[in-house]
Every structure is written in structure tokens, then in C-alpha cells.
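A short write-up of the structure that comes next.
In the text below, chain A, chain B and the rest are named by the order of the sequence lines, each starting its count at 1. What you see below is based on every heavy atom in this structure, not just the backbone, and it leaves out hydrogens, waters and symmetry mates.
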2 protein chains.
Amino acid sequence: MKFEDQYFKSAFSVDCVIFGFDTNALKVLLIRRGAEPMKGSLAIPGDLVSINESLEQGVERVLNQSVGISNLYMEQVYTFGRVDRHPDGRVITIAYYALVNVRDYKLSAASFAESADWYPVSEALELELGFDHNEILQACFGQLKLKVQSAPIGFELLPKKFTLSQLQLLYELILERDLDKRNFRKKILSLDILTPLNEKQKGVAHRPAKLYQFDEEKYRAMKIVGGLNFDAKKNS
Amino acid sequence: MKFEDQYFKSAFSVDCVIFGFDTNALKVLLIRRGAEPMKGSLAIPGDLVSINESLEQGVERVLNQSVGISNLYMEQVYTFGRVDRHPDGRVITIAYYALVNVRDYKLSAASFAESADWYPVSEALELELGFDHNEILQACFGQLKLKVQSAPIGFELLPKKFTLSQLQLLYELILERDLDKRNFRKKILSLDILTPLNEKQKGVAHRPAKLYQFDEEKYRAMKIVGGLNFDAKKNS
DNA sequence: TCAAAAGTGTTCAACGTACACCCATGT
DNA sequence: ACATGGGTGTACGTTGAACACTTTTGA
């Protein structure tokens, strides 16, 4: 058997779990496949990567097709390579997640390349997805959970100006547990990466909250010390 | 262009950084390549994965060729996919690391499929390796550092019976910093995953140390709480 | 008796955690 | 006036960090 017969017969794809935060829910973008293989089933956006394309370029392309934005925060998570994971041949896939900021795009935009919808993460985790995408979704959500505790990536999901309660809710949704309001604020503010604005929420039927924005300068300047560790219940 | 012309023309490999602990040094196994491409250059053991082989099977095969052992602790780290990273075509590689326990094999064994040697990690990080293997080595060592602080994988590198000083030295080598003896012992023993043996070091020119062994039962039974966080200097 | 590593406790600072009430706004 | 979420401080327990001397063995 020639070298080329045994190898160079496989393909690889990137799949990208796109997380979005929609005012009060953490969501993922899932597509309903309009073509074979797995036509009709729900799946994570992804595509085969061409021979002349880097992995990141592949992900960028998928993101453009899915939400029509470039330059999102993204991170490689894991590579899945079960021999029979793809019906068309040997296709391994490199899983990424990306975070989209609601400030940057309009939900229900017509920009999707095919039928696509946002699903609450908790719901998506229960759905049956095509290929090995359930596993991929789980792995990516798991990574997001870890990452959010060691780096301030939450801001990638929020609008430029946000309240501390919004931020806390986001963390609660990602970590899947309640956080103490006072402790959360103490912790976040002590990191000194938020700039308080002279501006407040408007049109809410209660005391309006102060708006903050993330200070990327300060963040990059600071030596990363502790990470963000919130009150984890000991007895659980 | 046909579908098959554009895709299914790539290959993928696994590369596996094999860490070993040799009495008082943390080492990696590097091979000197005896065949093209990159003949003559130092590299991390690895090989193309065939179409009918899972990623883990590929790694197992590489490990067998390199150190002649199966069933090592291994972990996937990252996938490298630069378009031009391999001279023979589009080959992406999935990087793993594995930990070998000196109790299980003899160093300088004749079992290596080709010229292979153990290099101290610190030294290996300075060498020029083939392909993008410098990057891979760095990524794997970085992962090992992280992992060793959240799971007791250090034991995979030690003989079955070991002293606390050996364990501490190993941690110091992996974390690349000194640890306080008393704090280290307090911490490790408080985890309650070591069984003290009624046995001591022999033939050492000083007070002989008590031997311990890792208690996998206890480890699996315990709910993983804190992780292993040692004294990290604040001001560094 | 000397050299060399083993072994052992206490004190202080930092951090995580639990917890309850008043405030500002819209309806 | 009432409902709703915004905003604030303190006390306690746990954990991390710094630090020095005695013990046991072989040479």
C-alpha cells in the first residue's frame, strides 16, 4: 500500500459552540442541518477545513456564516477523533467555543447562512444533537466554566456598558450556582478592572443601577494573580 | 473541483511528550529522526494516524514504539494546524503528554524503535526541535504544570513507594519553584490520599525517610474539593 | 563526631463566606 | 404607597505563608 493510499485520505473540521448572553439567559447557537449528512438534525455550527486554511481561519469562516461577525473571542477546547464519528469518511473535528457580545449584532438577524437559533444552554444540553455534538457542547461548556474563573472573559458576552447585577447573573448562569451579591461585588471591584461610569440605567421600575465598563488597559497591565474565585459552598 | 479533491487530502498525526522522573530530574523523551522529513533533527515522538485508528490508539502505538509500555497516564493538550507546519502536505497534529513511572521500565532500554534519549525538561526547552515541536513541548509542559495543581498526577511519575521529599522535589521540578517543606507535607498529608508504609529508605547516609504509597481508592472515593495549591509567592 | 537529609508547630495575614437592612425609582 | 431590584459592612473561619531546630542514620 502506498503512503498516499493509507494517509492523506482524511479530513478535519472545526466545530464552534457560540455562546451568547441575551439579557437574562445564556444561550448557544445551534443550526438545523439543511444538507446531508445528518440532514434535519440539530448541530453545532462547523465546517470542513480546506487544505489551505488554518484552523482559526476555518473557525472565523464558520462564525461569519453563523452570526456574521469577525474577531470574536474564541478558544480551542478539544479534538474529537472517533473513527466512526462522521458518516462520510474519517473526519476528525477540532472543537472551539466563541463568545458573542450582544452589543455587536442583532438577534434574529437574517445573516445566518441557514436555519439557526439560539437555545438556552440548559435546554441545549438536553437536546439530541447530530454527530458527537452533545459531547462537544458539554466539553465546551465545561471549559467556559473553568475559564471564567481564571480570566475575565465574562465581559465578552456583555454589552459595553453593564450593571454589576447583569455581570453577576451571567456568572451565575455559567457557573450554574447562586452567588452572594455583596461578595460578588467586593470581589469584582477589588480586581480593579471595571470603570464606573457617570451613568445609570434608565426606564427600570426600581432604583437604577450604575453602569460600568470593562477596562482592558488595566487588565492587561496587571499581573494576573488570583483569578476569580467566588463563594463555593463547601458542603455540596 | 470535486468534494474529494478539496478535502480528504490531509493527514493528522499525534505527537506525545513523554515525561519521566529519573531519581532527581524531570525529563522528556526526544528522538533523533532517522528518516525524512526532518531527518537528523530532534523531535517529540509521534506518528501519522491511520484512517482506521482512533487518536488514543495512535498515541498508544507511539508510546509502545518509544518506551515499550502501554496504559500510561495520558492527556490531550492541544491541536496544532498551521498550514505549512509539515513539509509533506497538510498534516495537523494532536499533541498529548504521557507520564511514565520509573518503576515500570528500565532507562537506556533497547526497546526504542529508533535513537531516543531522555533530556532534562529545562534543557529540552532550549533545544531546537523539528517541525513546531518547540511550541508543542511548551504547551504540554504548561498543561502538566496546571494539571499537577488540581489533580494528584504526580504519582504517575514516581515509583510505587516513595518518600515525601521525592514527591516534593518532583513538584518543585514541575512547578519550577521551591516549596516549603513543612507546608508541603501538611498539605499533601491533609489530602489523605497517601498510605504510610512500615518501611524506610535504606542505604542512605542520613536519617532514612518513611516510605508512602498513593492510595487510589481513597482518591477516587473523595469528592474533589480544593486541589493542590501550594505556596505561591504573591510578589513575583 | 560530622555531614546530610528527615521530621515537626506556631503565628500571622489574606481570603472566602455568611448574613439583613435601607435606598431610589416607576407604577 | 407599594413593589422591585440596587446598594452597602462586619464578623468569623479556613487557608496559605513564613520560619528554625532536633533527630536519625552512614561514613
| task | Would you indicate, yes or no, if C:dA6 has its OP1 or OP2 atom less than 4.0 angstrom from a side-chain nitrogen or oxygen of B:Ser165? | result | yes

| query | Atom CZ of A:Phe184 to atom C1' of C:dG16: distance rounded to whole Å? | reply | 15 Å

| note | Of the candidates D:dC19, D:dT24, D:dG5, the side chain of A:Arg207 sits closest to D:dG5

| request: Would you check if A:Val59 and A:Glu56 make a side-chain contact, meaning some heavy-atom pair closer than 4.5 Å? | output: no

| If you measure only the distance, is there a donor-acceptor pair under 3.5 Å linking the side chains of B:Tyr219 and B:Glu217? | no

| task | Could you check how far CD of A:Gln166 sits from C1' of D:dG6, rounded to whole Å? | result | 13 Å

| field | Separation of atom CG in A:Asn183 from atom C1' in D:dG7, rounded to whole Å | value | 14 Å

| Residue from A:Tyr212, A:Tyr171, A:Phe155 passing ring-ring contact (aromatic ring centres under 6.0 Å, His included) with A:Phe162 | A:Phe155

| field | Between P of D:dG9 and CG of A:Asp180, the distance in whole Å | value | 15 Å

| message | If the test is side-chain contact (heavy atoms from CB on, under 4.5 Å), which one of B:Ile44, B:Leu99, B:Leu63 qualifies with B:Ile18? | response | B:Leu63

| Atom pair distance, as rounded to whole Å: CG in A:Leu167 and P in D:dG5 | 18 Å

| message | I want to check one thing: is the phosphate of D:dG16, taken as OP1 and OP2, less than 4.0 Å away from some side-chain N or O of B:Lys187? | response | yes

| message | Any heavy-atom pair between the side chains of B:Phe80 and B:Ile136 that's under 4.5 Å? | response | yes

| task | Kindly indicate whether the side chain of A:Lys186 and the base of D:dT10 share any N or O donor-acceptor pair separated by less than 3.5 Å? | result | yes

| A:Lys202 has an atom NZ; how far is it from atom C1' of D:dT4, in whole Å? | 20 Å

| Whole-Å distance separating the NZ atom of A:Lys200 from the P atom of D:dG5 | 18 Å

| query | Taking the nucleotide of DNA chain C with the closest heavy atom to each, which residue, B:Pro208 or B:Ala205, is nearer the 5' end? | reply | B:Ala205

| query | Does a side-chain N or O from B:Arg182 land closer than 4.0 Å to OP1 or OP2 of D:dA18, or not? | reply | no

| said: Rounded to whole Å, please give me the gap between OH in A:Tyr212 and P in D:dG6. | reply: 12 Å

| query | Starting at the 5' end of DNA chain D, which residue's closest nucleotide do you reach first, A:Leu164 or A:His206? | reply | A:His206

| Is a donor-acceptor contact shorter than 3.5 angstrom present between the side chain of B:Lys181 and the base of C:dG7? | yes

